[in-house]
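Below is one structure, written out as structure tokens; comments come after it.
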Amino acid sequence: MEYQFQKIEKKWQDNWYKNNTFRAKDDYTMPKFYGLVEFPYPSGHGLHVGHPRSYTALDIVARKRRLEGYNVLYPIGWDAFGLPTENFAIANKIHPKKVTADNVANFKRQLQSIGFSFDWTREINTTDAAYYKWTQWIFLKLFEKGLAYKQEMPINFCTSCKVGLANEEVVNGVCERCGSEVVRRNKSQWMLKITEYAQRLIDDLDDLNYIEKVKTQQKNWIGRSEGAEVEFKISGTDEKVTVYTTRPDTLFGATYMVLSPEHPYVEKFKDMIKNYDEAVAYRENAAKKSEFERTELAKEKTGVCLNGLFAVNPVNEKEIPIFISDYVLMSYGTGAIMAVPAHDDRDWDFAKKFALPIIEVVAGGEDVQKAAYTDTDSGKMVNSGFLDGMEVKEAIAAIRDFLEEKGIGKKKVNYKLRDWVFSRQRYWGEPIPLVHCDKCGWVALPESELPLTLPEVDNYEPTDNGESPLSKIEDWVNTTCPKCGGHAVRETDTMPQWAGSSWYFLRYIDPGNNDAPASAEAINYWMPVDWYNGGMEHTTLHLLYSRFWHKFLYDIGVVNTPEPYQKRTSHGMILGENNEKMSKSRGNVVNPDDIVNDFGADTFRTYEMFIGAFDQATPWSMNGVKGCYRFMERVWNLQEILSDEEGYSADLENTMHKTIKKVSEDIERMKFNTAIATLMALINDFYKKGSVTRGELRTFLLLLNPTAPHITEEMWENAGFGGNLNEAKWPEYDEAKTIDASVEVVVQLNGKVKGKIVVPAGLDRDGLGEAALAEEVVKNLLEGKTVVKTICVPDKLVNFVVK
RNA sequence: GCCGCUGUGGUGGAAUUGGCAGACACCCGGGACUUAAAAUCCCGUGGGAGCAAUCCCGUACCGGUUCAAGUCCGGUCAGCGGCACCA
């Protein structure tokens, strides 16, 4: 019998999709499992081999959970708004709606050809008005609660194309398309106050089962720091500048101050600044740079001394000069710092460049004239008045108290996290459902007017002034104010792609609901997501944004849990055969369709899981695919050596129990590669024995089914095990039968392996030592030597330390 | 630059808590089958020395802790992901 994968796979896929086999049940009495994968952006390039890595992994978990008796929700949808679609639409004169529909159809065909057990009855699309109605609704709730506000924020503007650009479209400071200069231009934009949730976004990580590196990345991104705000008087005025510092202990070493070039005091004191023109020129130059460029530590420090303006150090009344420099950002802290060159690397570089004094206030390092001493764990305060002689930590506490007592400063917690810029000057996004009325200001559309649909237009090309394409559609822009009935204009910016993906997991739960994002009963049953897998590239932004929205929805009573995802894991990237990132330009892209056509979905799925450690980046290998195809054939050919015997054969009984245990545990730990290796080893045992019993085959098929669902269903049917495999029970093992009667133990002399002995399993330390000494091999090894110490590790080894 | 991760045979990787380094595959070499080839099956396969038993070396590099280090600690180098308007 030949292995005809095309026929088998088509047969079972038709069966599953026609019968909605993997539909999640609305039976809220069953134990539930909600498995989630990041829904794809349906790009024109089609599915990447990276998508199925994540999708197969959770498909395996989902299929295993169903066999274990859970009501499983494993959904999929389309994160379909976004820049590439819009750019493709403009370039090819095809409406983005049409581009999206075509791409979705292609993605869906591809995903179905791989046999994922998605519940297709719950498919969602962020660009459907019925979906984004609720994205808009959530935005209005945020607006209502004061968490959305307008602020001037810079956008990238191409001086030649006259359009706003995404950061990605700016390459080395010039426009990706035309190569012209890109400037940063301020524009009033909608912002979301994610910073208000900063502390909760840190604290609530504690109870979640996220892989550790994801928690660390989230915490570092939020960037909590404890420090102090200190007020410095401006000489000859009654005004004060507030600086933020994490090292208030070094206040006596502050020898100058640096303001961000955009700091309002530059304007405020323009009359006192003798070189104001120079300062303005510097500020304009800084505006061209991205924050990334500005804060790069390696670059040469630049800045301008504000001549005529001085600050007074509040602890020693010394006058210090004030600079502006682009490494100080308005968006962090107060936009002003006190510079302590002796104990901060950036300040040190700056001080050297501008020949500013460097005063040591923490002793213990090398000469501070040669390098900054930044260690806070050792060292004592010097040149610091009343702080002298204290440890750094003591000094921090003492100075904070001092500042508060004197009313010149206070303790302050800061976060690196910044508010979320929520406006995009684009067509292909959710319209922001607000209007501006001259009388009433910004007014929300009433809920009854949602969804505010994207106007269907032929011309969605950018304007030449950096405004959204929507601003050109006058009969859409001009409207009436819902509050006063007077004339009003619509907000023409749209939402970022992050919006739709910040709550999509809720929509899957109840995708057709027209009265709420999802019903309370459905949310209570299904939430939180039990297991969410996605890429490390989404660890900071998407994960944080969606946690923020979920917490907000929790606060207003829409959801029942403060966190959306109970468990978060990540997969590594699949690289090209040459070990580089797959890309068209590198010519190393693998199309999943080719693999499915040539080797079948089961081989493809198995290879995707066998390719390497799940959380690590790994290169693709066509030879590896062939190896997995060979494995599938060996699986198929088990039917040739199938005996009539039920149960397990005596010589493989322990192996069967061990294999069930190993595969079950490996799937839970996402060690899919070793789970498959274990099944390969088992099949090698079957062939060595020359036959496989019905019981052995039955268990083998169940264990392989989540990975290779088509071939196993077919063989299950052929063997007449009854019903469909997907309705069977996941096999169980007997712990007692996974333990062998005797074990091989290593004998070492001074840590080097010298021999092996076989002893009964389960001996304790003393018993193992005695058993070892009784062995002839060991006696020979120890002859003429003095045993100083014996180390025994039960079932593992005996190490004699000898002289 | 900052934050996070990774580094093991010719290749992908395995080694769950510090306890036999290299499971399972791929490639390659040899053999069987075949007129021949492909496919399949069997054997070999970290490096070095030796007829052999066996011995020495070996987990990016330098150093440390330990009876014992791929695993823990300090430092160095290299690669990858993210850096807020790609998603």
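The model shown is predicted, which means the values in this text are computed figures rather than measured ones. Throughout, a chain's letter reflects where its sequence line sits, starting with A, and its residues are numbered from 1.
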Using Watson-Crick or G-U wobble geometry with both distances below 3.5 Å, tell me the partner of B:rG79, or none. B:rC5
Return the nearest nucleotide to the side chain of A:Gln217; candidates are B:rG4, B:rC55, B:rC27. B:rG4
For residues 621-628 of chain A, dump all side-chain donor-acceptor pairs below 3.5 Å to protein atoms at least two apart in sequence or in another chain.
{"from": "A:Ser621", "atom 1": "OG", "to": "A:Asn623", "atom 2": "N", "distance (Å)": "3.3"}
{"from": "A:Ser621", "atom 1": "OG", "to": "A:Gly624", "atom 2": "N", "distance (Å)": "2.9"}

Syn or anti for B:rG44, given that syn means the glycosidic angle lies within 90° of 0? anti
With both distances kept under 3.5 Å, what pairs with B:rA49, Watson-Crick or G-U wobble? B:rU54
Side chains of A:Asp419 and A:Thr195 only: does a donor on one sit below 3.5 Å from an acceptor on the other? yes
Has the side chain of A:Asn799 got a donor or acceptor atom sitting under 3.5 Å from an opposite partner on the base of B:rC67? yes
Look at the side chain of A:Ala166 and decide which nucleotide, out of B:rC27, B:rC86, B:rA14, has an atom nearest to it. B:rC86
For the side chain of A:Gln189 and the base of B:rC85, is some donor closer than 3.5 Å to an acceptor across the two? yes
Among B:rA84, B:rC85, B:rU6, which nucleotide has an atom closest to any side-chain atom of A:Trp221? B:rA84
Of the listed nucleotides B:rC85, B:rG81, B:rU16, the one nearest the side chain of A:Lys662: B:rU16
Scan A:Leu83 against the nucleic acid and name what it touches under 4.0 Å (heavy atoms): base, sugar-phosphate only, or nothing. sugar-phosphate
Measure from the side-chain heavy atoms of A:Lys671 and tell me the nearest of B:rC27, B:rA15, B:rG19. B:rA15
Proximal nucleotide (of B:rC24, B:rC86, B:rG12) relative to the A:Thr618 side chain: B:rG12
Distance check needed: B:rC85 P versus A:Leu541 CG, whole Å only. 7 Å
Side-chain contact check for A:Asn579: nearest option of B:rC24, B:rG12, B:rC41 is B:rG12
Taking atom P in both B:rG64 and B:rG70, what distance in whole Å separates the two? 15 Å
Among the nucleotides B:rC24, B:rC80, B:rA14, whichever has the atom closest to the side chain of A:Met680 is B:rC24
Side-chain-base donor-acceptor pair under 3.5 Å for A:Lys756 and B:rC20: yes
Less than 4.5 Å apart, side chain to side chain, heavy atoms only: is that true for A:Tyr131 and A:Asn125? no
Once the angle between the rings of A:Tyr545 and A:Trp420 is folded into 0 to 90°, is it parallel (under 30°), tilted (30 to 60°) or perpendicular (over 60°)? parallel
